[in-house]
Amino acid sequence: MIKAITGTKDILPSDIAKWHYLEKLLRETFHLYNYKEIRTPIFEETALFARGIGEETDIVGKEMYTFKDRSETSLTLKPEMTAPVVRSYIEHSLGAQQPLTKLYYISSMFRQERPQAGRLRQFNQFGAEAIGSKSPLLDAEMIQLAYGILKSLGLKNLTVKINSLGTPETRETYKKLLKKFLEDKKNKLSEDSRRRFDTNILRIFDSKIESDQNIIKDAPKLIEHLDEESKSDFEIVKNQLSKTGIPFQVDPTLVRGLDYYTKLTFEIDSGSVGAQTALCGGGRYDLLIETLGGKPTPATGFAAGVERILLACENEKSFIIPEQSIDVYLIRVDSALETVVADFSSDLRSQNISCDYDYLNRSVKAQMREANKMNAKYVLFIGGDEYKNGMMNLKNMSNGSEEKIPYSNINQLIERIKTNPIS
RNA sequence: GUGAGCGUAGCUCAGUUGGUUAGAGCACCAGGUUGUGGCCCUGGGGGUCGUGGGUUCAAAUCCCAUCGCUCACCCCA
């Protein structure tokens with residue numbers, strides 16, 4: 001038997017409803033904030049991610065699905081969406097049409113990691129990017145937007161963490177400071193952290209190893225060495241969050257694994273999804289556009305994991321999807337009337353009435369069971385004596401009542417079904 | 001890449017110290033008055049016990065290998 005590739009999942013009809021529910025909520029919410037959808041190709045030139053995300057990141061270093069096409073071009077299945085969106089923004093000069101571009105997306109991403117709870121190799125993210133403004137109000141809006149969506153889904157167990165990484169200049173100054181502090185303690189650090197010392201020293205804060213944490217806890221904090229603008233922007237974000245009633249905590253160790261972040265970064269965690277707690281992560285990336293060849297343009301955004309969110313919703317039973325139903329199930333009492341039933345179905349469907357019937361030549365009892373299983377609101381019996389007298393039987397499945405309707409008057413039938421909805 | 005746990009019906013699982021034709025619940029199909037659902041009752045179909053090898057008179061059960069799944073580490077959504 002051929003099975004789905006490791007780390008990929010089928011979304012079966014039995015659980016598609018909650019995806020639709022979420023997608024509808026997303027489109028409505030993004031519209032509320034005036035974001036427009038963008039769709040980019042599933043793969044890109046590898047260089048886009050190498051340059052955009054950063055050569056030293058885990059994503060680029062070991063997680064990408066990279067392959068060569070027949071012309072030997074190196075291609076990569078997108079592991080995240082910010083770089084492609086920025087590429088598209090530059091390529092089509094979206095910024096020339098208006099100074100601020102607000103975009104959202106819902107799409108599959110690919111990363112070759114070992115799967116576990118809340119982690120897949122093909123997974124879906126939704127997110128937003130606002131390109132063209134350095135206003136911290138926009139950073140606050142991102143958090144508000146993401147947090148609002150999670151709240152709308154009924155999620156409770158949420159933590160919003162924020163931090164500021166400052167401008168590149170202050171970050172460089174700070175890195176030197178940190179390097180100086182850690183210099184003589186370097187050989188006490190774990191192997192991973194010693195490697196980070198040279199590649200990306202800030203990520204040492206991410207280490208979960210206790211001995212590392214003991215060393216790093218007395219280190220100077222980036223947040224205490226911010227430049228004036230980063231500092232005041234951070235204050236504005238915090239004020240704005242407080243005003244909109246979003247609970248948050250400042251986490252000076254929140255250093256995200258993508259190199260392009262500047263100033264504000266944030267993460268929304270859930271306690272309901274296993275070890276992978278981050279439902280959503282984002283922040284400001286004022287340098288990325290020029291890194292990818294565009295004009296220097298400030299930008300901010302976030303990405304959220306659909307599977308993780310749905311997992312949290314499932315575990316918290318945060319929302320309930322109503323059962324699916326159809327309006328009418330047509331039952332043929334005489335097996336000779338198959339084509340009559342088919343014709344009636346066409347008529348009903350053309351009038352926007354959802355219906356179905358038995359294609360397996362089963363007994364009336366079997367057809368009734370089927371109607372019941374499909375949550376049909378009505379059953380229409382066709383055949384027998386009524387049919388000979390030009391009538392058919394319409395049965396209301398919630399109260400069991402039946403009424404006769406002339407076979408020739410389909411309008412009366414449609415009227416009945418439409419004006420007599422069962423709540 | 002590293003570590004741990006688990007593979008028996010479509011699903012959830014039972015299966016004794018190795019011992020007849022491998023079971024249950026749910027789901028599916030048929031029937032329970034000639035043309036009517038849910039509840040209930042009766043019957044039925046469906047399994048290479050993940051795969052390959054080994055031990056044995058005898059393997060779902062013991063041993064080895066292999067594949068797959070799950071969870072965790074790393075990191076991230």
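Every chain is numbered from 1 and lettered A, B, ... according to where its sequence line falls, protein lines coming before strand lines. Only heavy atoms go into these numbers, but all of them, side chains included; no hydrogens, no water, no symmetry mates.
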Q: Can you tell me how far P in B:rU61 sits from the matching atom in B:rG15, rounded to whole Å?
A: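 Pairwise P distance, B:rU61 against B:rG15, rounds to 15 Å.
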
Q: Using atom P in both nucleotides, what's the gap between B:rC13 and B:rG3 to the nearest angstrom?
A: 27 Å

Q: Tell me whether the side-chain N or O atoms of A:Glu386 pair up with the base of B:rG35 as donor and acceptor below 3.5 Å, since no angle test is needed here.
A: yes

Q: Distance check needed: B:rU36 P versus A:Asp358 CG, whole Å only.
A: 15 Å

Q: List in chain and number order the residues that pass side chain to side chain donor-acceptor pair (under 3.5 Å) with A:Arg111, two or more places apart in sequence or in another chain; answer none if no residue qualifies.
A: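 Scan of A:Arg111 (side chain to side chain donor-acceptor pair (under 3.5 Å), adjacent residues dropped) gives none.
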
Q: What integer number of Å spans the P atoms of B:rG53 and B:rA58?
A: 15 Å

Q: Quick one: does A:Asp358's side chain have a donor or acceptor within less than 3.5 Å of a partner on A:Asn361's backbone?
A: yes

Q: How many Å lie between CG on A:Asp58 and C1' on B:rU2, as a whole number?
A: 15 Å

Q: Could you list the donor-acceptor pairs under 3.5 angstrom formed by side chains in residues 121-131 of chain A, with sequence neighbours left out?
A:
residue  : atom : partner  : partner atom : Å
A:Arg121 : NE   : A:Glu113 : O            : 2.6
A:Arg121 : NH2  : A:Glu113 : O            : 3.3
A:Gln122 : NE2  : A:Ser108 : OG           : 2.9
A:Asn124 : OD1  : A:Ser108 : OG           : 2.8
A:Asn124 : ND2  : A:Glu307 : OE2          : 2.9
A:Glu129 : OE1  : A:Tyr285 : OH           : 2.5
A:Glu129 : OE2  : A:Thr82  : OG1          : 2.9

Q: Both distances below 3.5 Å, Watson-Crick or wobble geometry, any strand: find the nucleotide opposite B:rG52.
A: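 Its partner is B:rC64.
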
Q: Indicate, with a heavy-atom threshold strictly under 4.0 Å, whether A:Gly384 touches base, sugar-phosphate, or nothing.
A: base

Q: Just call it for A:Glu402: base, sugar-phosphate, or nothing, with non-hydrogen atoms closer than 4.0 Å on any strand.
A: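 Since a base atom lies under 4.0 Å of A:Glu402, the category is base.
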
Q: Who does B:rU36 pair with, Watson-Crick or G-U, both distances under 3.5 Å?
A: none

Q: Could you check which nucleotide pairs with B:rG44 in any of the strands shown, counting Watson-Crick or G-U wobble with both distances under 3.5 Å?
A: B:rC28

Q: What interatomic distance, in whole Å, is found between P of B:rG37 and the corresponding atom of B:rU33?
A: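 Comparing P positions in B:rU33 and B:rG37 gives a spacing of 10 Å.
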
Q: Go through it in stages, so that I can follow the logic: the residues are A:Lys373 and A:Glu370, the test is salt bridge (charged side-chain N to carboxylate O under 4.0 Å, His left out), and I'd like the CA-CA distance, side-chain angles, deciding distance and then a yes or no.
A: CA-CA 5 Å; A:Lys373 213 185 302 171; A:Glu370 190 70 27; 3.8 Å; yes

Q: Would A:Lys102 and A:Glu141 pass as an ion pair if we require N to O under 4.0 Å?
A: yes

Q: Between B:rG19 and B:rA59, how far apart are the P atoms? Round to whole Å, please.
A: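 My reading of the P atoms in B:rA59 and B:rG19 gives 11 Å.
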
Q: Look through every strand shown and name the nucleotide pairing with B:rA59 as Watson-Crick or G-U wobble, where both distances are under 3.5 Å.
A: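 Matched B:rA59 with nothing under the 3.5 Å cut-off.
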
Q: Just how far, in rounded Å, is P of B:rC76 from CD of A:Glu267?
A: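 Answer to the nearest Å: 9 Å.
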
Q: Using the P atoms only, state how far B:rU36 lies from B:rG25, rounded to an integer number of Å.
A: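 B:rG25 and B:rU36 have their P atoms separated by 28 Å.
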
Q: Need the pair for B:rU17. Rule: Watson-Crick or G-U wobble, both distances under 3.5 Å, any strand; none if unpaired.
A: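 Looking at the geometry, B:rU17 pairs with no nucleotide.
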
Q: Once you apply a heavy-atom cut-off of 4.0 Å, does A:Glu113 come out as touching a base, just sugar-phosphate, or nothing?
A: base

Q: Given the structure, check if the side chain of A:Gln367 and the base of B:rU36 hold any donor-acceptor pair shorter than 3.5 Å.
A: no

Q: Detail all sub-3.5 Å separations between protein N/O atoms and N/O atoms belonging to nucleotides 65-72 of chain B.
A:
residue : atom : partner  : partner atom : Å
B:rG68  : O2'  : A:Lys3   : NZ           : 3.1
B:rC69  : OP1  : A:Thr6   : OG1          : 3.1
B:rC69  : OP2  : A:Thr6   : OG1          : 3.1
B:rU70  : OP1  : A:Lys9   : NZ           : 3.0
B:rC71  : OP2  : A:Ala117 : N            : 3.2
B:rA72  : OP1  : A:Ala275 : N            : 3.0
B:rA72  : OP2  : A:Gln116 : NE2          : 3.2
B:rA72  : OP2  : A:Ala117 : N            : 3.2

Q: Without decimals, in angstroms, what is the distance between A:Glu370 CD and B:rG35 P?
A: 20 Å

Q: Please tell me which of the listed nucleotides, B:rA30, B:rG35, B:rC76, lies nearest to the side chain of A:Val333?
A: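 The answer is B:rG35.
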
Q: Write down the partner of B:rA4 under the Watson-Crick or G-U wobble criteria, each distance required to be under 3.5 Å.
A: B:rU70

Q: Does B:rC76 have its OP1 or OP2 closer than 4.0 Å to a side-chain nitrogen or oxygen of A:Lys62?
A: no

Q: Identify the heavy atoms of A:Met392 and A:Tyr407 that sit nearest to each other, and give their distance.
A: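 So the two residues come closest at CE-CA, 4.0 Å.
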
Q: Rounded to whole angstrom, note down the C1' distance from B:rU12 over to B:rU70.
A: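 Result for the C1' pair: 16 Å, nearest Å.
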
Q: More than 12 non-hydrogen atoms from neighbouring residues, nucleotides or ligands closer than 6.0 Å to NZ on A:Lys179, yes or no?
A: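 Yes - once you tally the heavy atoms of other residues, nucleotides and ligands closer than 6.0 Å, there are more than 12.
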
Q: Whole angstroms only, please: what is the CZ-C1' distance between A:Phe381 and B:rG35?
A: 8 Å

Q: Tell me whether A:Gln112 contacts the main-chain N or O of A:Lys62 through its side chain, where contact means a donor paired with an acceptor under 3.5 Å.
A: no

Q: Within the 4.0 Å heavy-atom criterion, would you say A:Asn124 contacts the bases, only the backbone, or no part of the nucleic acid?
A: nothing

Q: Starting from P on B:rC29, measure out to CZ on A:Arg369 and report it in whole angstrom.
A: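 Nearest whole value for this atom pair: 9 Å.
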
Q: Answer with base, sugar-phosphate or nothing: what part of the nucleic acid does A:Asp385 contact at a heavy-atom distance below 4.0 Å?
A: base

Q: Measuring from the side chain of A:Lys373 (C-beta onward, heavy atoms only), which nucleotide among B:rG38, B:rC29, B:rA30 has the closest atom?
A: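 Looking only at heavy atoms from C-beta outward on A:Lys373, the closest nucleotide is B:rC29.
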
Q: Answer with yes or no whether A:Lys395 presents, from its side chain, a donor or acceptor under 3.5 Å of a partner atom in the base of B:rU36.
A: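 Side chain to base: pair present.
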
Q: So for atom NZ, which belongs to A:Lys404, do other residues, nucleotides or ligands contribute more than 12 heavy atoms lying within a distance under 6.0 Å?
A: no

Q: Distance between the P atoms of B:rC73 and B:rU17, in whole angstroms?
A: 36 Å

